[in-house]
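The structure under discussion appears below in the form of structure tokens.
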Number of protein chains: 2
Amino acid sequence: MATGRTHRPATRSRGIPEATVARLPLYLRALTALSERSVPTVSSEELAAAAGVNSAKLRKDFSYLGSYGTRGVGYDVEYLVYQISRELGLTQDWPVVIVGIGNLGAALAGYGGFASRGFRVAALIDADPAMTGKPVAGIPVQHSDDLEKIIEEDGVSIGVIATPAGVAQQVCDRLVAAGVTSILNFAPTVLSVPDGVDVRKVDLSIELQILAFHEQRKAGEEAGADSGTAPPAAYQAGEPAASGDSAPSGGGSAAGGKGGRKGPDGDVPAVMPA
Amino acid sequence: MATGRTHRPATRSRGIPEATVARLPLYLRALTALSERSVPTVSSEELAAAAGVNSAKLRKDFSYLGSYGTRGVGYDVEYLVYQISRELGLTQDWPVVIVGIGNLGAALAGYGGFASRGFRVAALIDADPAMTGKPVAGIPVQHSDDLEKIIEEDGVSIGVIATPAGVAQQVCDRLVAAGVTSILNFAPTVLSVPDGVDVRKVDLSIELQILAFHEQRKAGEEAGADSGTAPPAAYQAGEPAASGDSAPSGGGSAAGGKGGRKGPDGDVPAVMPA
DNA sequence: AAATGTGAATGCGTTCACAGCA
DNA sequence: TGCTGTGAACGCATTCACATTT
């Protein structure tokens with residue numbers, strides 16, 4: 001083993017922390033870039049900077065994978081690329097189906113990052129018969145009637161949902177029933193799945209709202225005093241409404257009531273429930 | 001990110017945990033759905049189920065905002081919608097620019113969730129002169145030469161980067177220089193920004209890789225021992241094993257479909273660095 | 001001398017369980 | 001009685017700091 005000294009109890013990979021797993025792709029990307037520049041080794045300090053994390057965290061992360069570095073020297077770039085790829089399961093081919101070929105689905109189909117790391121778009125599926133057969137990003141769209149057949153034939157275990165929210169759950173159910181056990185969900189809905197199925201969600205609107213929260217904070221700080229939001233006369237009038245402009249159920253909302261104890265600012269407590 | 005230096009309490013010592021902030025949009029979505037169905041109140045249990053979290057977590061989250069519930073009854077839906085919207089800063093209008101109108105940028109421009117909650121697409125910007133003036137999702141694309149002017153005139157503080165990775169950092173720099181302080185990054189790159197600027201990233205490829213990790217684990221478990229990892233012929237050789245792009249693709253690795261691998265202890269030290 | 005690998009310390013987030021209130 | 005609000009316990013993640021190794 002020329003080094004196998006770090007003989008670990010075999011079961012070492014039993015339990016890589018989730019937070020670490022989430023960073024492995026980041027390290028891998030940075031390492032791939034170094035590899036392309038033919039850089040032979042990196043220190044934890046350098047690699048951490050390239051990946052946008054701090055070096056202690058990176059070393060700790062790598063320690064869960066094993067002892068792949070050399071003290072006094074650093075990490076061998078190619079070796080690490082391979083080890084991380086293997087750990088992530090990227091040394092095998094992952095066929096993926098994308099369901100819902102609207103604007104977003106089409107963009108995903110054409111996204112280079114998809115094809116680049118072991119992921120292969122096995123099929124594009126849409127419920128609209130008008131789409132059937134039409135090539136998107138070079139791949140002909142198939143009708144959702146054939147969803148089960150496609151998944152079974154290709155042995156697809158990863159599905160991407162890019163449908164409208166309203167049908168996401170049923171699409172999800174069909175995917176799962178057909179054998180998919182990992183789902184990447186772009187629809188703004190909470191999906192429920194049986195045990196053993198993983199779901200990760202990507203939600204644009206949520207990301208923006210988180211940014212808005214911090215942005216608002218910044219604005220408040222620099223403005224010194226409050227300044228903040230215009231005090232609404234009745235809180236219920238403030239909703240954007242987007243789809244269905246839901247008539248505000250009215251409800252008493254007569255204003256007046258004393259506010260909840262700790263209004264972050266002297267805002268308008270408006271109404272109290274009940 | 002917070003930078004360790006807390007300028008000053010400025011506003012009330014409202015320290016809402018980051019994890020809580022990230023869930024507020026989820027609660028808001030569930031509440032909005034209830035509101036549209038004119039449901040007057042919800043218990044933490046019901047709302048938690050709708051949002052896909054557990055009720056203890058939800059109650060704790062809400063406790064950071066204040067005491068907005070009624071014991072023995074639950075939460076007033078409309079009231080909570082307003083309080084959360086306000087906390088997130090959604091009672092004001094947030095103009096957003098999208099830079100990079102390729103497939104993804106165009107999909108984002110047309111995404112309903114964008115417009116729906118106080119976010120307004122103020123401008124679409126692209127470096128390609130051929131795109132200038134062309135309407136995408138009803139909004140004419142503007143040339144990136146005008147980026148600074150657009151941001152300043154509209155008072156844009158949130159920018160979305162949907163450009164190729166290669167130009168993302170420079171776009172980011174220009175956005176920040178022009179006054180943007182929150183960035184949603186879709187380019188697969190680590191962006192560096194000055195203190196006080198928030199960056200959130202959305203990376204498709206990373207999400208898929210995380211799924212692949214877990215998927216691989218599942219396959220390995222159910223398949224029992226199973227074949228070992230194919231030992232890499234020579235990942236280090238003299239040259240980058242898989243330079244160029246796309247690592248594993250290409251021939252080799254046959255292996256149709258899933259089929260597991262992953263020896264739990266597939267150590268395979270094979271070669272060591274140095 | 002340089003840089004990894006890792007126990008220990010710290011901090012954050014989640015869950016428990018129950019007091020308190022309508 | 002029913003359900004919220006929250007202190008306390010717990011567990012995971014990050015950071016520190018240094019012994020260890022090349």
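Letters go in sequence order (proteins before strands), and every chain restarts at 1.
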Heteroatom pairs (N/O) under 3.5 angstrom, protein to nucleotides 15-17 of chain C:
unit_1: C:dT15; atom_1: OP2; unit_2: B:Asn54; atom_2: ND2; d: 2.5

Notebook entry, point to check: Would you say the side chain of A:Val81 lies within less than 4.5 Å of the side chain of A:Leu34, judging by non-hydrogen atoms?
Noted result: no
Margin query: Below 4.0 angstrom, which residues in residues 19-30 of chain A have at least one non-hydrogen atom near DNA chain C?
Written below: none
Note to self: Whole angstroms only, please: what is the OH-C1' distance between A:Tyr79 and C:dT4?
What the structure shows: 15 Å
Check: DNA chain D: B:Phe62 or A:Arg71, which has the more 5' nearest nucleotide?
Finding: B:Phe62
Notebook entry, point to check: Could you give the OH-to-C1' distance, from A:Tyr68 to D:dT21, as a whole number of Å?
Noted result: 19 Å
Checklist line | Closest to the A:Ser43 side chain, choosing from C:dG13, D:dG5, C:dA3 | finding: C:dA3
Notebook entry, point to check: How many Å lie between OH on A:Tyr75 and P on C:dA3, as a whole number?
Noted result: 12 Å
Check: How about B:Gln169: does its CD atom have over 12 heavy atoms from other parts shown lying under 6.0 Å from it?
Finding: yes
Margin query: D:dT22, OP1 or OP2 - any side-chain N/O from A:Thr70 closer than 4.0 Å?
Written below: no
Next item on the list: Take the protein atom CD of A:Glu45 and the nucleotide atom P of C:dG5, then report the distance between them rounded to whole Å.
Entry: 14 Å
Check: Is the closest side-chain heavy-atom distance between A:Asn185 and A:Cys172 below 4.5 Å?
Finding: no
Notebook entry, point to check: Do the side chains of B:Leu58 and B:Tyr75 get nearer than 4.5 Å, heavy atoms only?
Noted result: yes
Margin query: Does C:dT4 have its OP1 or OP2 closer than 4.0 Å to a side-chain nitrogen or oxygen of A:Ser44?
Written below: yes
Check: Ignoring hydrogens and geometry, is there a side-chain-to-backbone donor-acceptor pair from B:Glu207 to B:Val202 under 3.5 Å?
Finding: no
Next item on the list: To the nearest Å, give me how far apart CG (B:Asp76) and P (D:dC3) are.
Entry: 16 Å
Notebook entry, point to check: Are B:Tyr64 and C:dG13 close enough that a side-chain N or O sits under 4.0 Å from OP1 or OP2?
Noted result: no
Checklist line | A:Asp198 side chain to A:Ser182 side chain, donor-acceptor N/O pair below 3.5 angstrom | finding: no
Notebook entry, point to check: In whole Å, what is the span from the CD atom of B:Glu46 to the P atom of D:dC3?
Noted result: 8 Å
Check: Is it the case that A:Thr32 and A:Glu36 place a side-chain donor and acceptor less than 3.5 Å from each other?
Finding: no
Notebook entry, point to check: A:Phe62 and A:Tyr68: aromatic ring centres closer than 6.0 Å?
Noted result: no
Margin query: Just so I know, are the side chains of B:Arg29 and A:Ile206 near enough to count as touching, which here means a heavy-atom distance under 4.5 Å?
Written below: yes
